[in-house]
Structures are given as C-alpha cells and as structure tokens.
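Presented below is the structure to which this report refers.
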Amino acid sequence: MYNYLVMTSEIASQLESILDTQDIIPRDRVNNGWQDRVKKTIYNSCLPDYFLTPPELKYLSNTVRIASKNRCSILPCGSGTKLSWGGVVSDANLVISTQKLNRVIDHAVSDLTITVEAGIKLRDLQTILGHHNQFLPIDPAYPDNATIGGILATADTGSWRQRYGGIRDLVLGLSFVRWDGEIAKAGGKVVKNVAGYDLMKLFTGSYGTLGIISTVTFRLYPIPEASGTLVMTGEAENISQMAQTFLQSGLQPTAAEMISPSVVKTLELGENMGLMVRFQSIPESVNEQSQQVQAIAEKLSIKVIFCKDEIENNLWKQLQKLIRVDNTNVTIKGKIGIIPNQAVNWLIKLNELTQQQGWGMINLSSGIGQFKLDIEPSLGILKQLRSLAQENRGFLTILEADQSIKKQFEPWGYSGNALPLMKQIKTQFDPHNLFSPSRFI
C-alpha cells in the first residue's frame, strides 16, 4: 500500500498560499455532521487533517496540485450526502469539497442545455430551470442537498430513469481535475480531451476515484403540462404479469417502480405487491394512457388508485424518503440490479427474509433499484439476496452500512472479468492512488 505523508506545517503553508482561512478547516474544527459522515467513510473512522472548500475552479486545481506534489490522499465530495456510499476508503489526508463551486456557467435556453459547476445543488438548479419551464429529469437521494457532481459520481438517477434514461444519458460534456491538478474536458465545448475514453460514462459512478468532477453540461427537457400516477396492488403473480404486459405495450410512463409488499403496507396503499406508474405529458395523453392501464389491471384483478396534484407529489416524496433517505434506525441501504422479469421474485424474497423489515423498489424496464433494511441482518440474508441477484444477471451493492458490515461483506459484490481493466484505468487516471484510495479496489 502506498505510504501517504502525514500533513506537515509546510504543506499547510502551501495550502494557505492559495486558499483563504475560511476554506481551510483543521480536523478539530470540522462540525459534527461532517465528522460523522467522514468517520463512516474512512477505515477505522480516521479523520483527515484538513477539510478544504476551494471557491473557484482555479483554486481547486491548485489545491489538487499541492496535494499531488506532497502525495496527500484526497477524499473528494460535494455536500457529503453520499460520502460514505460503497467501499470504505483506506486513508485520506484531505477532504476536498466542491460545495462552493456552485455557479451556472452557461444556459442555452433555446437549445435545452446547461453547463454548471459540480457543487451546485440539484434543488437550486431545478429552481433556476423552472423559471424557463425546464427541468433536469433526475430524482436522486437527498434531492435538497445533493450536488450535481456527487449525483453524477454515484450514478444516482432515481425514478425518472424509466423515460429519460440514467444520468449518464443526460450528460453532454464534463470537465474534471486530474491527479496532477490539470483540468481535462470531454464532450460538449471540448477544449482538451483524454483520448480513448468516453469520460461521461467513465466518471458516472466513479465515486471520486478517478478525479474531481468540476463542471457538467446537461441536456434538459420541458416541464410536462400534466401528471398522474397509478398505484396498482395485488398478488405477486398478477403484478408480474401486469409488468410484462406493460413493457410490451406502447405506453410511455416517465416513472415506473415495482415496490415490495412492505412498501405498499407502510405507505397505506393496500396489500401484497405494488407497481407505481407515472405519466407526464399533455392532459389528453395522461388521461388516455391511464385509462389503458386501468383496463389492463381490471382484467388481472389488480386494485388501482389514481393520484394527481399534491397527493401525487407527496406519494413520490414518501417513497423516496422511505427507501432512500438515511435515518438513525437504518442498518443497511443498498442498490440492486436484476433482469426486470425477476424483479418481483427478488422483492418477495426481500420481504420474506427480513420479515417485512426490508423495503425495496425496482425500476420496471432497467431492473435497477434500491433497498433498505431496518433490522440487524445476518450475513446469510445478505448473501441470499446477492446470490439471487447474481443468478439473474444482476448485482447487489451495499451503499450505507456500518464499517463492520462492509468489512465482512464486500460492498460492491462484483465478480466479472473487467476487474483488470478497472485497475488499469485507475492506474492511468490516478497513478499515485491519491483519490479515494481503496474505495473500489
């Protein structure tokens, strides 16, 4: 393992030459909220020497350059909402946050594109876009505080994946700060490329291991005129048949989630398995497609509830809060991927193994979803859930969990043949293993 240098007064002086005092916070002055998040992230809960918040891109570049020169390990982040997701970082001398890099660089309203700095919060970006009747169709965890860079780095798209694809499908270009402090760019408004790689895809889900995302250019969409959500509940076999019929139809929902019986019960939507489908378009289209869904559901003896306006918005917020937002009682929160026609079986198994103390939702078409456990699970339960996913060409990743669990149960669960390539990419982008060491490999 690479031997990182302990922070010295000389390195501190170098940082002070480019950053103001308020942008350099020693570990003994970091607030409790940040301390808690960092302790969950770094092996044995070791706090880094400094928490840094560069206010401009040039200062971020110079900060990384100093860290690289002195071989200081770096833990990149935005507002820290997903800092502890995935693997445990072995060491970090510096936490570098992009939270002050929160400006809109360019908004081409007529072209439906926008370029922003990575530290802008999604909530603030959506407010800006709303003034022009536009929005960015992602629905990540912690939407009020999550930054664009953190959302992209964790590939945290949310329920709008059904209509608009994953977040990487919305990215037109990006820039990032390399290990040596230089800035590389790819995609829209190219200045300097890293040849041979699709950087937009490579940095989506990179978890701060390849560099620090600094700016992102997105494609945007007009805000739909009307919206309506249908909640369907019934026997697992009927919901599964409903899902397959739905996928084979010409219906075009913007969101579609299969939800476990525990979610249905907790949200007081009925009994058994559930399927939530959202249509957003012109009013006539929403009404027509909703009627088609109700007709199909009736033939399968599936109960249907139609929601719109404030009730609809609150329902999706409750679903988000139930499964994707952290709280003190949560033992484990994770991400699941599985072939769509096996999603119902996995959710039923989750319900059975956890005795309804596990909640899950899986996207109808992609098979990607999230789950949460509010019990102290045995490793056997986790192994069974991961095994079922892997048997059906999927994966199970642990996002939030106590370090003791992550040490016993490998968080990523990846067993494919691309591991050597991943190591080569890490070495090429970060030759001294400075960024989030050991988070992936």
Any donor-acceptor pair under 3.5 Å linking the side-chain atoms of [Y] with those of [X]?
{"X": "Gln248", "Y": "Gln244", "answer": "no"}
{"X": "Gln99", "Y": "Ser79", "answer": "no"}
{"X": "Gln342", "Y": "Asn345", "answer": "yes"}
{"X": "Glu391", "Y": "Ser387", "answer": "yes"}
{"X": "Asn287", "Y": "Ser285", "answer": "no"}
{"X": "Thr229", "Y": "Trp316", "answer": "yes"}
{"X": "Thr154", "Y": "Asp156", "answer": "no"}
{"X": "Thr127", "Y": "Asp124", "answer": "no"}
{"X": "Thr254", "Y": "Gln280", "answer": "yes"}
{"X": "Thr53", "Y": "Ser97", "answer": "no"}
{"X": "Thr98", "Y": "Glu117", "answer": "no"}
{"X": "Arg37", "Y": "Ser84", "answer": "no"}

Query raised in the report: Do Tyr43 and Val89 come close enough that some side-chain heavy atom pair is under 4.5 Å?
Result: no
Query raised in the report: Taking C-beta and beyond as the side chain, do Thr233 and Asn272 meet within less than 4.5 Å on heavy atoms?
Result: no
Query raised in the report: For the residue pair Phe440 and Trp412, is the inter-centroid distance of their aromatic rings smaller than 6.0 Å?
Result: yes
I need the [X] [atom1] to [Y] [atom2] distance, nearest 0.5 Å.
{"X": "Gln291", "Y": "Gln289", "atom1": "CD", "atom2": "CD", "answer": "11.0 Å"}
{"X": "Asn238", "Y": "Ser301", "atom1": "CG", "atom2": "OG", "answer": "6.5 Å"}
{"X": "Met258", "Y": "Ser240", "atom1": "CE", "atom2": "OG", "answer": "8.0 Å"}
{"X": "Ile368", "Y": "Arg161", "atom1": "CD1", "atom2": "CZ", "answer": "4.0 Å"}
{"X": "Ile114", "Y": "Leu129", "atom1": "CD1", "atom2": "CG", "answer": "4.5 Å"}
{"X": "Gln384", "Y": "Leu396", "atom1": "CD", "atom2": "CG", "answer": "12.0 Å"}

Requested in this report: Check step by step if salt bridge (Lys or Arg N to Asp or Glu O under 4.0 Å) holds for Asp144 and Lys121.
Outcome: CA-CA 7 Å; Asp144 289 340; Lys121 292 182 179 180; over 6 Å; no
Has [X] got a side-chain atom pairing as donor or acceptor with [Y]'s backbone, closer than 3.5 angstrom?
{"X": "Asn433", "Y": "Pro437", "result": "no"}
{"X": "Gln356", "Y": "Glu352", "result": "no"}
{"X": "Asp309", "Y": "Ile311", "result": "no"}
{"X": "Thr81", "Y": "Tyr142", "result": "no"}
{"X": "Gln403", "Y": "Asn44", "result": "yes"}
{"X": "Ser61", "Y": "Leu57", "result": "no"}
{"X": "Asp111", "Y": "Ala108", "result": "no"}

Query - Pair Val88-Thr41, side-chain contact (heavy atoms from CB on, under 4.5 Å): steps then yes or no - result: CA-CA 5 Å; Val88 177; Thr41 308; over 6 Å; no
Query raised in the report: For Pro261, which residues count as a side-chain contact (heavy atoms from CB on, under 4.5 Å) partner, sequence neighbours excluded?
Result: Met273, Ile348, Asn351
For residues 130-139, tabulate all N or O donor-acceptor pairs below 3.5 Å that involve a side-chain atom, not counting sequence neighbours.
{"from": "Gln134", "atom 1": "OE1", "to": "His107", "atom 2": "NE2", "distance (Å)": "2.9"}
{"from": "Gln134", "atom 1": "NE2", "to": "Val109", "atom 2": "O", "distance (Å)": "2.9"}
{"from": "Asp139", "atom 1": "OD1", "to": "Gln320", "atom 2": "NE2", "distance (Å)": "3.1"}

Is it true that atom [atom1] of [X] has more than 12 heavy atoms of other residues, nucleotides or ligands lying nearer than 6.0 Å?
{"X": "Glu298", "atom1": "CD", "value": "no"}
{"X": "Lys383", "atom1": "NZ", "value": "no"}
{"X": "Arg103", "atom1": "CZ", "value": "yes"}
{"X": "Glu237", "atom1": "CD", "value": "no"}
{"X": "Gln252", "atom1": "CD", "value": "no"}

Requested in this report: Check Val264, Leu364, Leu315 against Met276 for a side-chain contact (heavy atoms from CB on, under 4.5 Å) and give me the one that passes.
Outcome: Leu315
Query raised in the report: Quick one: is the NZ or CZ of Lys349 closer than 6.0 Å to the six-membered ring centre of Trp346, and within 45° of its axis?
Result: no
Query raised in the report: When the ring planes of Phe429 and Phe203 are compared, do they come out parallel, tilted or perpendicular, using 30° and 60° as the limits?
Result: perpendicular
